[in-house]
Amino acid sequence: MLFLHCIGKLPMRVSEFFLSTLKEAPAEAELPSHKLMLRAGLIRRLSSGLYSWMPLGLRVLRKVEAIVRDEMNRAGAIELLMPAIQPAELWQETRRWQKYGPELLRLKDRHDREYCFGPTHEEVITDIVRRELRSYRQLPVNFYQIQGKFRDETRPRFGVMRSREFIMKDAYSFHPDTASLEATYKRMHEAYTRIFTRLSLQFRSVAADTGSIGGTGSHEFHVLAECGEDAIAYCPQSDFAANIELAEAIAVPPPVQTPPEPLEKIATPQTRSIDEVSRFFNVASHQIVKTLIVENGQGDFIALLLRGDHELNEVKAAKLPQLGDDFRLANEDSIRTLTGSPPGSIGPIGLTIPIIADRSIALMENFITGANEEGFHYRHASFSRDLTKITLADIRNVKEGDPSPDQKGLLSLCRGIEVGHIFQLGTRYSETMNATFLDETGQSKPLVMGCYGIGISRIVGAAVEQCHDEKGISWPLSMAPFTVTICPIGFRKNETVRVAAEQLYLDLSALGIEVLLDDRDERPGVMFADMELIGIPLRLTLGERHLGHGQVELLSRGETASELIALQDAPGIIQSRLST
RNA sequence: CGGGGUAUGGCGCAGCCUGGUAGCGCGCUUCGUUCGGGACGAAGAGGCCGCAGGUUCAAAUCCUGCUACCCCGACCA
């Protein structure tokens with residue numbers, strides 16, 4: 001019976017494996033994928049954001065891992081493994097010990113030395129490389145690992161999709177120059193595309209913000225799903241796609257344009273929100289200008305202007321030199337002191353603090369805005385006539401229907417689960433950590449770096465989110481824990497059925513097919529429901545009824561009608577089904 | 001970090017308001033009958049009612065404190 005010895009290819013009997021399915025989902029789960037992963041016995045929660053991978057779930061995790069590893073190797077990356085625990089000194093070198101904040105889990109050893117549980121490994125790999133890499137002859141090189149990481153998330157949720165401990169593939173490449181980095185970056189982009197294609201997931205690669213890791217160019221890979229935590233803007237008429245955090249908003253004129261009229265101050269009691277102002281004046285929200293007062297890290301106040309129907313993009317705002325990444329909304333007291341008015345009646349006219357307006361504001365005439373006096377608003381305000389010394393910037397989120405930045409159509413929005421992120425880091429880490437090499441002319445230069453991450457455990461959750469129905473999970477072949485299940489009816493009682501099932505089990509195993517034989521003494525309904533819940537792609541049902549004619553039933557997960565095939569043809573038919 | 005909620009057997013829940021020997025469904029064990037879509041009957045096992053303190057003759061139930069977990073928010077004038 002032992003035809004195959006490599007891990008992950010073992011055939012299995014249910015009686016010798018461990019299935020632990022639940023009829024009802026634990027109350028802690030909200031999302032379909034989270035509920036199903038618990039019900040199918042893929043994972044069990046240990047504590048908030050901490051999950052054990054049960055035997056069945058681990059098989060899926062290993063499948064994903066194997067595909068990622070295969071494609072990374074194929075793309076020329078070299079696997080290594082770094083410690084999960086990292087000394088504080090390394091993080092102090094890059095200042096991230098201070099900057100990373102409470103998400104970084106800090107620990108002390110018995111000698112009171114400080115460490116962190118690695119949320120990422122730029123520092124460690126750069127330290128390795130500065131000791132090992134000397135010459136341009138050794139470049140470029142791309143190291144990767146598949147490893148557990150820990151980020152102390154503000155709010156872990158969605159099971160394995162936003163857990164605190166998770167499995168990640170992270171790769172770091174080192175180059176003599178930017179051109180070499182760009183070549184590897186492109187290769188990684190292609191490898192990622194192959195990975196998600198092989199996993200049979202609906203995904204999209206989008207231009208992204210570089211966030212706290214820093215650097216120049218960056219793409220995220222998103223599995224498309226309603227529950228996704230990121231909004232993606234894309235243009236159906238072109239290949240433009242970007243995270244909404246980054247997508248450039250083109251200044252658009254308001255839909256209605258009217259000739260200028262004189263400025264008027266109007267009493268507007270009890271109107272504080274854009275909605276209320278819009279109702280009071282009976283105008284659309286795009287004819288209103290809202291004013292946000294923010295305070296930067298130095299304690300300076302700045303006013304931000306947005307059209308009433310637009311939202312502030314905090315990522316864009318944080319990049320403005322006047323604000324910086326630690327800006328926040330001013331509190332009510334500060335607003336009253338600065339404007340003489342409570343929030344709800346503030347506006348740009350007469351303000352003495354610096355004003356930054358979204359670019360769309362420059363196209364507005366006859367708009368309504370707060371008068372900096374409680375219960376009063378201006379109407380017929382004009383950008384060109386009434387506002388002075390204003391800085392224009394792109395500080396808003398794009399909206400559905402906005403022009404695409406590439407001018408090739410209109411933007412649509414969708415949501416995605418971020419499962420991969422690639423960055424061109426440049427020399428940010430190599431310079432601060434002094435990781436250099438000697439070029440052809442004998443000159444010492446900082447290494448140019450790239451880094452490339454994939455959330456292995458998150459992919460499993462995202463896949464369930466995308467591939468399930470009312471009966472349970474429906475795995476793509478590439479990540480199914482088993483590819484085919486044999487459900488013999490009356491296995492323990494019917495000699496004919498048992499002999500046929502055992503033979504089929506051996507034949508399929510011999511072909512290297514991952515088969516799960518349900519040899520439990522269960523009624524068919526129980527077997528079927530379990531196999532559907534855990535999402536095995538193919539099911540062979542053996543019963544006395546059809547075996548009498550030498551036939552078995554073949555059913556694909558997700559389909560309702562099974563087909564009758566000859567018992568002796570079954571292994572061949574399954575094999576050909578798997579290769580197409 | 002702010003707001004809300006929950007905590008009773010492996011899972012899902014009732015009981016709490018109005019204190020008095022802890023219950024239901026699923027699952028589990030044994031026996032019997034069943035046997036192609038989550039069987040039926042009978043008999044069982046399993047619970048410091050999250051933790052600590054208080055009130056009381058008596059606390060799952062009332063009071064105080066703590067802890068854990070979940071949800072919403074942390075984007076707007």
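Remember, predicted model here, so these are calculated numbers, not experimental data. Order of the sequence lines sets the chain letters (A, B, ...), proteins ahead of strands, with each chain counted from 1.
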Pair assignment for B:rG20, Watson-Crick or G-U wobble, requiring both distances under 3.5 Å: B:rC57
Which nucleotide in B:rA77, B:rC69, B:rC35 has an atom nearest any side-chain atom of A:Ser273: B:rA77
Whichever of A:Leu312 and A:Lys493 has its nearest RNA chain B nucleotide further upstream toward 5': A:Lys493
Same-atom distance (C1') from B:rG37 to B:rA74, integer angstrom: 48 Å
Any A:Ser345 side-chain N or O less than 4.0 Å from OP1/OP2 of B:rA77: no
Distance in angstrom units between A:Leu46 CG and B:rC69 P, rounded: 10 Å
Atom pair distance, as rounded to whole Å: CD in A:Glu30 and C1' in B:rG5: 12 Å
Whole angstrom value for the distance that separates C1' of B:rC71 from CZ of A:Arg157: 10 Å
Atom-to-atom span, CZ of A:Arg307 to P of B:rA77 - whole angstrom: 16 Å
C1' spacing across the pair B:rA52 / B:rU29, given as an integer number of angstrom: 37 Å
Sugar-phosphate only, base, or nothing, as touched by A:Glu28 at under 4.0 Å among non-hydrogen atoms: sugar-phosphate
Salt bridge flag under 4.0 Å for residues A:Arg498 and A:Glu495: yes
Sugar-phosphate only, base, or nothing, as touched by A:Ile335 at under 4.0 Å among non-hydrogen atoms: base
CD-CD1 distance between A:Glu465 and A:Ile459, expressed to the nearest 0.5 angstrom: 15.0 Å
d(CD, A:Glu314; P, B:rC76) in whole Å: 9 Å
Rounded distance [0.5 Å steps], CD1 in A:Ile513 versus CG in A:Leu508: 5.0 Å
Phosphate contact (B:rG27 OP1 or OP2) by A:Lys23 side-chain N/O below 4.0 Å: yes
Residue A:Arg539, side-chain atoms from C-beta onward, closest of B:rC69, B:rC75, B:rG37: B:rG37
Backbone of A:Leu224 reached by a side-chain donor or acceptor of A:Gln466 within 3.5 Å: yes
Gap separating the CD atom of A:Glu28 from the OG atom of A:Ser48, nearest 0.5 angstrom: 9.5 Å
Interatomic distance, A:Asp521 CG vs B:rG32 P [rounded to whole Å]: 13 Å
Listed nucleotide nearest any side-chain atom of A:Ala27, set B:rC11, B:rA77, B:rC13: B:rC13
Student check: side-chain heavy atoms of A:Phe150 and A:Glu165 closer than 4.5 Å: yes
Interatomic distance at P, B:rA14 relative to B:rA68, whole Å: 24 Å
Separation between the C1' atoms of B:rG15 and B:rA22, rounded to whole Å: 8 Å
Face-on cation placement of A:Arg151 at A:Phe166 ring, 6.0 Å and 45° thresholds: no
Base B:rG37 to side chain A:Glu522, donor-acceptor N/O within 3.5 Å cut-off: no
Nearest listed nucleotide, side chain of A:Leu292, among B:rG36, B:rA77, B:rG37: B:rA77
Presence of A:Ser48 side-chain N/O under 4.0 Å of B:rC70 phosphate oxygens OP1/OP2: yes
Touch class at under 4.0 angstrom, heavy-atom based, for A:Ser47 against every strand present: sugar-phosphate
From A:Leu312 atom CG to A:Leu329 atom CG, the distance as rounded to the nearest 0.5 Å: 7.5 Å
Sugar-phosphate, base or nothing in reach of A:Arg545, heavy atoms under 4.0 Å: base
B:rG73 and B:rG47, which share atom name P, separated by this distance in whole Å: 40 Å
Touch class at under 4.0 angstrom, heavy-atom based, for A:Glu532 against every strand present: base
Among B:rC76, B:rG37, B:rG38, the nucleotide that comes nearest once only the side chain of A:Leu329 is considered: B:rC76
Phosphate OP1/OP2 of B:rA39 contacted by A:Arg523 side-chain N/O (<4.0 Å): yes
Identified pairing partner of B:rG73, criterion: Watson-Crick or G-U wobble below 3.5 Å: B:rC1
Residue matched to B:rA39 through Watson-Crick or wobble contacts both under 3.5 angstrom: B:rU33
Complement of B:rG47, any strand, by Watson-Crick or G-U distances under 3.5 angstrom: none
Spacing of A:Arg162 atom CZ relative to B:rC70 atom P, expressed in whole Å: 14 Å
Pairwise P distance, B:rC24 and B:rA42 [rounded to whole Å]: 13 Å
Distance (rounded to the nearest 0.5 Å) between A:Leu304 CG and A:Ile395 CD1: 4.5 Å
Side chain of A:Arg155 - closest among B:rC72, B:rC75, B:rA77: B:rC72
Whole-Å C1' distance, B:rG25 and B:rU8: 15 Å
Side chain of A:Pro343 (C-beta onward), nearest among B:rA77, B:rC75, B:rC11: B:rA77
Nucleotide of B:rG36, B:rA77, B:rG38 approaching A:Ile346 most closely (side-chain heavy atoms): B:rA77
Sugar-phosphate, base or nothing in reach of A:Ala29, heavy atoms under 4.0 Å: nothing
B:rA7 - base-pair partner by Watson-Crick or wobble geometry, distances under 3.5 Å: B:rU67
Nearest-Å distance once atom C1' is located in both B:rU6 and B:rC51: 16 Å
Among B:rC76, B:rA39, B:rG36, the nucleotide that comes nearest once only the side chain of A:Ile489 is considered: B:rG36
Separation of atom CZ in A:Arg164 from atom P in B:rC69, rounded to whole Å: 7 Å
Contact nearer the 5' end of RNA chain B, comparing A:Gly344 with A:Gly543: A:Gly543
Sugar-phosphate only, base, or nothing, as touched by A:Asp530 at under 4.0 Å among non-hydrogen atoms: base
Nucleotide nearest A:Ile293 when distance is taken to its side chain, options B:rG36, B:rA77, B:rC69: B:rA77
